[in-house]
Protein chains: 2
Amino acid sequence: MIDEKKPRRRPRSDGQRNREHLLGVAKTAFTAGELDIPLDEIARRAGVGIGTLYRHFPNRDALIEAVYRAELDRLADAAPALAAQYPPVEALRAWMLLFVDYIAAKHVIAPALNGLVEGTSALYAQSGMILQNAIDRLVESAVASGDFKAEIEPLDLLRALAGVSNFSAGPGWETSAKRLVDILIAGSRV
Amino acid sequence: MIDEKKPRRRPRSDGQRNREHLLGVAKTAFTAGELDIPLDEIARRAGVGIGTLYRHFPNRDALIEAVYRAELDRLADAAPALAAQYPPVEALRAWMLLFVDYIAAKHVIAPALNGLVEGTSALYAQSGMILQNAIDRLVESAVASGDFKAEIEPLDLLRALAGVSNFSAGPGWETSAKRLVDILIAGSRV
DNA sequence: AGTATATACGGAGCAATGCTCCGTTTAACA
DNA sequence: TGTTAAACGGAGCATTGCTCCGTATATACT
């Protein structure tokens, strides 16, 4: 009843193009710190009408989500490789440091995490799942290998890390974040 | 030149009253989760004009700051008593748990921390200082007593804690936060 | 008490922004 | 080349933040 598959027409090429443009402009703006740039402005820079923007992304959150989704995916995808290459705890450590680097390099992700934090939008929840899944497996291995306490909750670590990432404090920021990674790991050991 | 002390008139009583009303209404609304309630609405509920609200609090941030300031102060003030009563590490642990409880009980503070996180407003910075000062001393003692590593940066712990507090996840939230406290402490030990 | 004046009040109204609606245009398919 | 689903675009409405300024009143002084 629900699965009526209609013979859809191939998506229009101009639609795709505009979507790309919008994402590109938005990403540039967001990473440049223009976090609350008006959506009209994004549409203008992308050379499309405001209506077009809203058809592709029903609200601001959806746009942000779309912009950072690729980044989050890449971050999550890096986990298996690290897990294969290093012993469990080192893999986790490497991944957490990667997490920090990501935010340090471009100021990407942080806003998405902030939104994720709010918990308002179902979209963010999905992004959160991607990351949670990645860290879940890493922690799982560390527990299985006997290095970590069994009661360690992976999400706790992710939350803490997200918290630190949010602070856009001065130059010491990055080292501070890396210090926290070590504290968290030391605290998780058996 | 700058310190011209003018013989100010005593503040008007109706002004004080209205200020109190506004704070009361705002606090009720905020803790009830109506985080982005329109300022007009707050003014209406408090039975004052919108102009009055803006005279007392020049913008939304200032209002939030004012609402949570007292709470943050109380939290910070609790630190010395704990330090006097318990050994250093236990005092720190107790304070961190208190921090969690505060947020668990009423959903106060979290928004303020979020703002603090943004670093946009000088006001929030001041609030942040209050908390930082409190935790600084607690950690200092723990380091001095030889329980904590010397390189522990108090702000790191505060950041992590703030990060966790932000997530308003399901019922497991509080226990999750408390778990993290223990991880952080374990990871900070020598 | 009466008066002067700093202080506070209140809300109309402007500007910015999010989002919708719908007539027009165009790419896909036959 | 004609038909049509899909996409476009921007006028315009609703909401919200904030300002401005004429009005009201508590305080201080005589």
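Throughout, a chain's letter reflects where its sequence line sits, starting with A, and its residues are numbered from 1. Please read all numbers here as calculations on a predicted model, not as lab measurements.
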If you take atom types as modelled and just measure distance, does the side chain of A:Arg12 reach the base of D:dA6 with a donor-acceptor pair under 3.5 Å? yes
The answer to which of A:Asp36 and A:Asp14 contacts DNA chain C further toward the 5' end, by nearest nucleotide, is A:Asp36
Let's see if you can work this out: which of C:dA8, D:dC18, C:dA27 has an atom nearest to the side-chain heavy atoms of A:Ser13? C:dA27
Side-chain contact test, heavy atoms from C-beta onward, threshold under 4.5 Å: evaluate it for B:Leu23 versus B:His56 and give yes or no. no
Should A:Arg10 be listed as having a side-chain N or O under 4.0 Å from OP1 or OP2 of C:dA27? no
Minimum-distance nucleotide (side-chain atoms of B:Arg9 versus C:dT5, D:dC18, D:dA6): C:dT5
Cationic N near anionic O, under 4.0 Å, A:Glu71 to A:Arg74: yes
Please determine whether a side-chain nitrogen of the Lys or Arg among A:Lys178 and A:Asp101 lies less than 4.0 Å from a carboxylate oxygen of the Asp or Glu. yes
Consider the side chain of A:Asn18, meaning its heavy atoms from C-beta on, and name the nucleotide among C:dC19, D:dG9, C:dG18 that approaches it most closely. D:dG9
Quick one: label A:Thr52 by what it contacts on the DNA or RNA (base, sugar-phosphate, nothing), any heavy atom closer than 4.0 Å. base
Classify the side chain of A:Arg55 and the base of D:dA7 as holding, or not holding, a donor-acceptor pair under 3.5 Å. no
Taking only side-chain nitrogens and oxygens of B:His56, does any of them come within less than 4.0 Å of OP1 or OP2 of C:dC9? yes
Short N-O contact, B:Glu41 and B:Arg44, less than 4.0 angstrom: yes
With heavy atoms under 4.0 Å as the rule, sort B:Gly51 into base, sugar-phosphate or nothing. base
Integer-rounded Å distance: C:dT20 C1' and A:Tyr54 OH: 10 Å
